[in-house]
A.B. asks: 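My structure is below; once you've seen it, I'll send some questions.
This chain uses plain numbering: 1 for the first residue, then up along the sequence.
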Amino acid sequence: MPLNDRDAADLERRLLSEHGELIGGTALARGLGYRTARAFQVAVQRERMPIETFTLTGRRGRFARTFELARWLASRGAAEPAASEPATNAEAEPAGPQGGDAMR
């Protein structure tokens, strides 16, 4: 069940306060429910990201707008960024991207 508007706004504020406008690496992967960098990479390669992710010139890995992650989590009723239980192997269909600090 999606979060109510107040809880969703609180989640968005908390994530923005902790991560700033962009989120990447392990925080992004965990927020999307991935346990490993490999699972995140597989989801990126298969174009199965639930939110838009992108690269930045001169930076390693993939990034997303923090507010998009917060809204995606809120639409699924997640009160915490890592609330969902992701698949554990890279061949499984993940709920979103997985990642590490050096995700590509």
Side-chain angles (χ1 to χ4, degrees):
M1 170 198 303
L3 297 179
N4 64 43
D5 290 342
R6 182 177 177 200
D7 290 338
D10 288 343
L11 174 62
E12 186 172 340
R13 273 192 298 278
R14 193 170 67 232
L15 288 175
L16 282 169
S17 172
E18 187 173 334
H19 299 286
E21 294 293 322
L22 296 178
I23 187 170
T26 302
L28 175 59
R30 296 288 174 144
L32 291 169
Y34 292 98
R35 291 185 183 186
T36 67
R38 181 68 185 136
F40 183 80
Q41 291 166 350
V42 168
V44 168
Q45 290 169 350
R46 293 181 180 174
E47 298 180 4
R48 295 195 180 266
M49 293 287 103
I51 63 174
E52 180 185 357
T53 64
F54 48 87
T55 60
L56 295 173
T57 304
R59 299 285 307 271
R60 293 174 61 178
R62 297 196 69 81
F63 298 86
R65 290 173 184 87
T66 304
F67 79 89
E68 287 184 13
L69 174 61
R71 289 179 184 170
W72 180 80
L73 286 168
S75 73
R76 275 131 190 91
E80 295 295 324
S84 62
E85 282 298 317
T88 58
N89 79 40
E91 295 305 313
E93 294 291 330
Q98 37 98 348
D101 291 326
M103 306 218 165
R104 295 182 185 182

A.B. asks: Is there a path of hydrophobic side-chain contacts, each under 4.5 Å between heavy atoms of I/L/V/M/F/W/Y residues, joining L11 to L69?
C.D. replies: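 Linked, L69 and L11 end up in one cluster.
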A.B. asks: Mind checking whether L32 and L15 sit in one hydrophobic cluster, side chains of I, L, V, M, F, W, Y counted as touching below 4.5 Å?
C.D. replies: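 Yes, one cluster joins them.
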A.B. asks: Which heavy atom of V44 sits nearest to which heavy atom of R62, and what is that distance?
C.D. replies: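 Closest heavy-atom pair between V44 and R62: CG2-CD, 3.5 Å.
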A.B. asks: Do F54 and R65 have side-chain heavy atoms sitting under 4.5 Å apart?
C.D. replies: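 Contact flag for F54/R65 side chains = yes.
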A.B. asks: As an exercise, state the distance from CD1 of I23 to CG of L16, rounded to the nearest 0.5 Å.
C.D. replies: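 Here the rounded value is 9.5 Å.
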A.B. asks: Can you name the closest pair of heavy atoms from L73 and G31 and give their distance?
C.D. replies: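 For L73 versus G31, the nearest heavy atoms are CD2-O, 3.3 Å.
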A.B. asks: Do E68 and W72 come within less than 4.5 Å of each other through their side chains, counting heavy atoms only?
C.D. replies: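 A side-chain contact under 4.5 Å is absent here.
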A.B. asks: Do you know the tightest heavy-atom contact between A64 and L28?
C.D. replies: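 Residues A64 and L28, closest heavy atoms: CB-CD1, 3.9 Å.
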A.B. asks: Is I51 reachable from M49 through a run of hydrophobic residues whose side-chain heavy atoms are each under 4.5 Å from the next?
C.D. replies: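 Yes, because M49 and I51 connect within a single hydrophobic cluster, where side-chain heavy atoms sit under 4.5 Å apart.
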A.B. asks: What heavy-atom pair brings H19 and A27 nearest, and what distance separates the two atoms?
C.D. replies: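 It is CE1-CB, 3.5 Å.
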A.B. asks: Could you grab the distance from atom OG1 of T53 to atom CD of E47, nearest 0.5 Å is fine?
C.D. replies: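 That separation rounds to 10.0 Å.
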A.B. asks: If you measure from CZ on F63 to CG on L56, what distance do you get to the nearest 0.5 Å?
C.D. replies: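 One gets 5.0 Å once the value is rounded to the nearest 0.5 Å.
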